[in-house]
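Only one structure is covered here, and it is reproduced in the block below.
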Amino acid sequence: MMERRHDRQFVRTFFTSPTAVEGEDNSAKMLEGAATLRGLQAPDVWVPDNEDATAPSMRDEGAENIVEVVSEHGADFPGEIHPRVVWHRDSPATRYQGLQQMLTITDPEGGAAEHIDGFVIPEVGDIDDWKKADEAITWVETENGLDEGSLTMSVIVESGAAELAMGDLREEMGKPSNNLERLFLLVDGEVDYTKDMRAMTPTGELPAWPELRHNTSRGASAAGCIAVDGPYDDIRDVEGYRERMTENRAKGMNGIWSLTPGQVEEANTAPLPPKTGSWLLDLGSREVELEDAGDAQVYDGDRLSLVETPDGYHLTVGSEELELDEDELREELLDRTAYIPSLDDVVDSMEEFEAAKEAGKGAIAMTRAATLRLDGVEIDIEADRMWDEATYQAAMTPIALFQDVYEHRPDQHEELIERYSEDVVDRATAVGN
């Protein structure tokens with residue numbers, strides 16, 4: 001993974017707001033509401049959306065609204081501000097409109113430019129089109145007296161050409177003929193990508209596009225950018241949104257588009273390590289979280305039964321029945337259980353490894369143990385995990401994310417301390433440094 005090129009190493013939330021609402025006395029009301037979000041409801045990146053979220057007839061007014069709202073509220077907004085302008089790989093006229101929108105938004109007389117961190121460019125095509133967008137932003141910087149490279153560029157990957165272009169970034173970045181080092185976010189746009197690919201499903205719903213999400217995460221890692229998933233438009237399906245984010249994090253994609261303040265709060269929280277650790281039990285068709293009873297981890301459902309017999313134990317999981325002695329049962333349960341560590345657990349392990357490394361040890365074994373209570377039958381399990389430098393560095397990812405959030409989002413400090421405790425937060429910000 002290349003070193004990230006910008007202050008933010010992680011972006012959890014990409015929140016879009018219409019820039020002008022037609023038929024309202026105050027067309028900027030959605031922008032004004034977003035600009036006053038704070039804490040966990042405020043995104044890491046706020047995107048005043050002067051493209052798809054705003055009617056074409058309202059976009060000139062939308063650009064003016066961005067100037068007015070950002071000039072008034074930008075200094076106090078806790079995240080970064082990246083307006084989305086119009087652009088299209090096949091339309092010079094649309095690209096020209098995008099250039100004019102960027103010039104308007106960053107006009108120094110408007111007072112918004114000092115609070116604008118960059119622009120989001122939609123509908124990009126091959127790498128030459130990315131260079132056109134980069135050059136347009138360079139013109140904007142020159143015309144409005146901004147330092148060259150001061151505005152970042154984020155692109156929405158919503159075509160096959162854009163997906164392939166991510167493979168060219170490592171070679172193209174840093175050439176004297178472009179400023180592609182300004183690239184910040186690579187954002188998936190699954191709706192237009194589906195249209196571009198001419199894909200169909202029986203129900204008409206969007207394909208999941210796991211390949212696109214993987215390719216975007218890989219492209220971002222190779223180019224020192226940050227990957228963000230596209231919008232999850234069923235805003236009432238909170239569980240589905242969480243599942244999508246869990247899948248994404250396994251691909252290295254820790255950010256996601258958010259359409260409402262409620263989704264922002266979910267997406268801001270989801271990548272953070274949990275407050276408390278928990279044990280999972282594999283029941284074949286699904287995993288369940290065991291109840292922490294203090295002295296044991298308890299399962300009382302009907303998908304598993306455990307009975308002690310004169311010769312050992314009879315274990316039933318779904319349709320599978322096993323006769324096991326105590327050692328065999330312990331091995332079976334070890335295979336069926338997993339532990340999700342809390343932030344405190346991760347910090348404990350990292351501190352222990354740091355101390356061992358300081359003492360000259362290259363690897364140590366760490367033990368995780370629990371008492372399981374299944375159908376009233378108790379059995380102790382214990383497993384060792386070998387920690388070496390590679391394990392330590394892998395464990396650093398959630399800690400690095402936490403530290404990045406803590407550094408850049410002081411408006412969330414109080415909520416983080418309430419979630420974890422002041423002691424855990426202090427240790428988590430210190431470990432690994």
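Throughout, numbering of the chain's residues begins at 1 and tracks the sequence.
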Check your understanding: Is there a side-chain contact between E123 and S159 (heavy atoms, below 4.5 Å)?
Key -> no
Practice item. Please work out whether the ring planes of W387 and F353 are parallel, tilted or perpendicular, with thresholds of 30° and 60°. Key: tilted
Exercise for review: Hey, could you give me the CG/CZ distance between L151 and F184, rounded to the nearest 0.5 Å?
Suggested key: 12.5 Å
Exercise for review: Measure the CD-OG1 distance between Q9 and T397 for me, rounded to the nearest 0.5 Å.
Suggested key: 11.5 Å
Point to revise | Atom of N268, atom of T13 and distance for their closest heavy-atom approach | key: OD1-OG1, 2.9 Å
Exercise for review: Tell me, with the steps shown, if K361 and E389 meet salt bridge (Lys or Arg N to Asp or Glu O under 4.0 Å).
Suggested key: CA-CA 10 Å; K361 297 178 181 178; E389 185 63 30; over 6 Å; no
Point to revise | V347 side chain near I399 side chain, heavy-atom distance below 4.5 Å | key: yes
Review point. Between R59 and T54, is there a donor-acceptor pair closer than 3.5 Å when you use the side chain of the first and the backbone of the second?
Key: yes
Check your understanding: Among all residues two or more places apart in sequence or in another chain, which pass the ring pair (Phe, Tyr, Trp, His ring centres under 6.0 Å) test with W257?
Key -> F14
Practice item. Verify the neighbour count for atom CE of M30: are there more than 12 heavy atoms of other residues, nucleotides or ligands below 6.0 Å? Key: no
Exercise for review: List for me each residue that meets ring pair (Phe, Tyr, Trp, His ring centres under 6.0 Å) alongside F15, sequence neighbours excluded, and say none if there are none.
Suggested key: none
Check your understanding: In Å and rounded to the nearest 0.5 Å, what is the CG to CE distance from L180 to M173?
Key -> 6.0 Å
Review point. So do the side chains of E378 and L372 get within less than 4.5 Å of each other, counting heavy atoms only?
Key: no
Point to revise | Side chain H408, main chain E80, donor-acceptor under 3.5 Å | key: no
Point to revise | Straight-line distance of N179 CG to T138 OG1, nearest 0.5 Å | key: 4.0 Å
**Study point:** Side-chain donor/acceptor of E266 to backbone N/O of Y241, under 3.5 Å
**Key:** no
Exercise for review: Inspect the surroundings of CG in D60 and state if more than 12 heavy atoms from other residues, nucleotides or ligands are less than 6.0 Å away.
Suggested key: no
Point to revise | N/O donor-acceptor pair under 3.5 Å between T216 side chain and L212 backbone | key: yes
Practice item. Check for a donor-acceptor pair, side chain of Q403 on one end and backbone N or O of A428 on the other, with a separation under 3.5 Å. Key: yes
Review point. With side chains defined as the heavy atoms from C-beta onward, is the minimum distance between L169 and L183 less than 4.5 Å?
Key: yes
**Study point:** pair I340-E289: side-chain heavy atoms closer than 4.5 Å
**Key:** no
Point to revise | With W130 via ring pair (Phe, Tyr, Trp, His ring centres under 6.0 Å) - residues at least two apart | key: none
Review point. Taking R89 for the side chain and D126 for the main chain, is one N or O donor matched with an acceptor at less than 3.5 Å?
Key: no
Exercise for review: Measure the spacing between NZ of K195 and CG of L206 and express it to the nearest 0.5 Å.
Suggested key: 12.0 Å
Practice item. Indicate yes or no: does D348 engage R427 in a salt bridge with an N to O separation below 4.0 Å. Key: yes
**Study point:** Shortest non-hydrogen separation from I256 to G230 and the atoms involved
**Key:** CG1-O, 3.7 Å
Exercise for review: For K175, look at atom NZ and say whether over 12 heavy atoms of other residues, nucleotides or ligands are found less than 6.0 Å away.
Suggested key: yes
**Study point:** Under 3.5 Å: donor-acceptor pair, side chain of R336, backbone of D282
**Key:** yes
Exercise for review: Evaluate salt bridge (Lys or Arg N to Asp or Glu O under 4.0 Å) for K275 paired with D344, printing each intermediate quantity in order.
Suggested key: CA-CA 8 Å; K275 177 181 178 180; D344 193 17; over 6 Å; no
Indicate every side-chain donor-acceptor pair of residues 42-49 with a distance under 3.5 Å to a residue at least two apart or in another chain.
residue, atom, partner, partner atom, Å
D44, OD1, R12, NH2, 2.8
D44, OD1, R409, NH1, 2.9
D44, OD2, R12, N, 2.9
D44, OD2, R12, NE, 2.9
W46, NE1, S17, OG, 2.9
D49, OD1, E51, N, 2.9
D49, OD2, R84, NH1, 2.7

Point to revise | From CA spacing to verdict: ring pair (Phe, Tyr, Trp, His ring centres under 6.0 Å), H413, Y406 | key: CA-CA 7 Å; H413 284 185; Y406 195 81; 3.7 Å; yes
Point to revise | Under 3.5 Å donor-acceptor, E351 side chain and V431 backbone | key: no
Check your understanding: Charged N to carboxylate O below 4.0 Å: is that the case for K132 and E135?
Key -> no
Exercise for review: Tell me, with the steps shown, if F402 and F10 meet ring pair (Phe, Tyr, Trp, His ring centres under 6.0 Å).
Suggested key: CA-CA 9 Å; F402 178 87; F10 295 87; over 10 Å; no
Review point. Taking all non-hydrogen atoms of both residues, which atom of A296 and which atom of R373 are closest, and how far apart?
Key: CB-NH2, 3.6 Å
Review point. Among D188, N254, D229, whose side chain to side chain donor-acceptor pair (under 3.5 Å) with N248 holds?
Key: D229
Check your understanding: Does a salt bridge link E148 with R182, judged by any charged N lying under 4.0 Å from a carboxylate O?
Key -> no
Practice item. Would you please test K131 and D134 for salt bridge (Lys or Arg N to Asp or Glu O under 4.0 Å) and show each step? Key: CA-CA 5 Å; K131 293 178 184 178; D134 158 52; over 6 Å; no
Review point. Closest approach of S349 and R368, non-hydrogen atoms and distance?
Key: OG-NH2, 4.5 Å
Check your understanding: Counting distance only, does the side-chain N/O of S217 pair as donor-acceptor with the main-chain N or O of K251 below 3.5 Å?
Key -> yes
Review point. For Y299, what residues pass the ring pair (Phe, Tyr, Trp, His ring centres under 6.0 Å) criterion, not counting sequence neighbours?
Key: none
Review point. What are the two closest non-hydrogen atoms of V346 and A395, and how far apart are they?
Key: CG1-O, 4.0 Å
Point to revise | Criterion side chain to side chain contact (heavy atoms under 4.5 Å, CB included) against F119, the qualifying member of V155, I105, N50 | key: I105
Check your understanding: If only atom types and distance count, is the side chain of N144 paired as donor or acceptor with the main-chain N or O of L146 below 3.5 Å?
Key -> no
**Study point:** side chain to side chain contact (heavy atoms under 4.5 Å, CB included) evaluation trace for T391 with R385
**Key:** CA-CA 10 Å; T391 311; R385 184 185 182 192; 3.6 Å; yes
Practice item. Test the K357-Y392 pair against the cation-pi criterion, namely NZ or CZ under 6.0 angstrom from the six-membered ring centroid and within 45° of the ring axis. Key: yes
**Study point:** Heavy-atom pair with the smallest gap, counting every atom of G189 and E158
**Key:** O-CB, 3.4 Å
Exercise for review: Tell me, please, which residues at least two apart from E265 pass side chain to side chain donor-acceptor pair (under 3.5 Å).
Suggested key: none
Review point. Is N65 close to S27 at the side-chain level, that is, under 4.5 Å between some pair of heavy atoms?
Key: yes
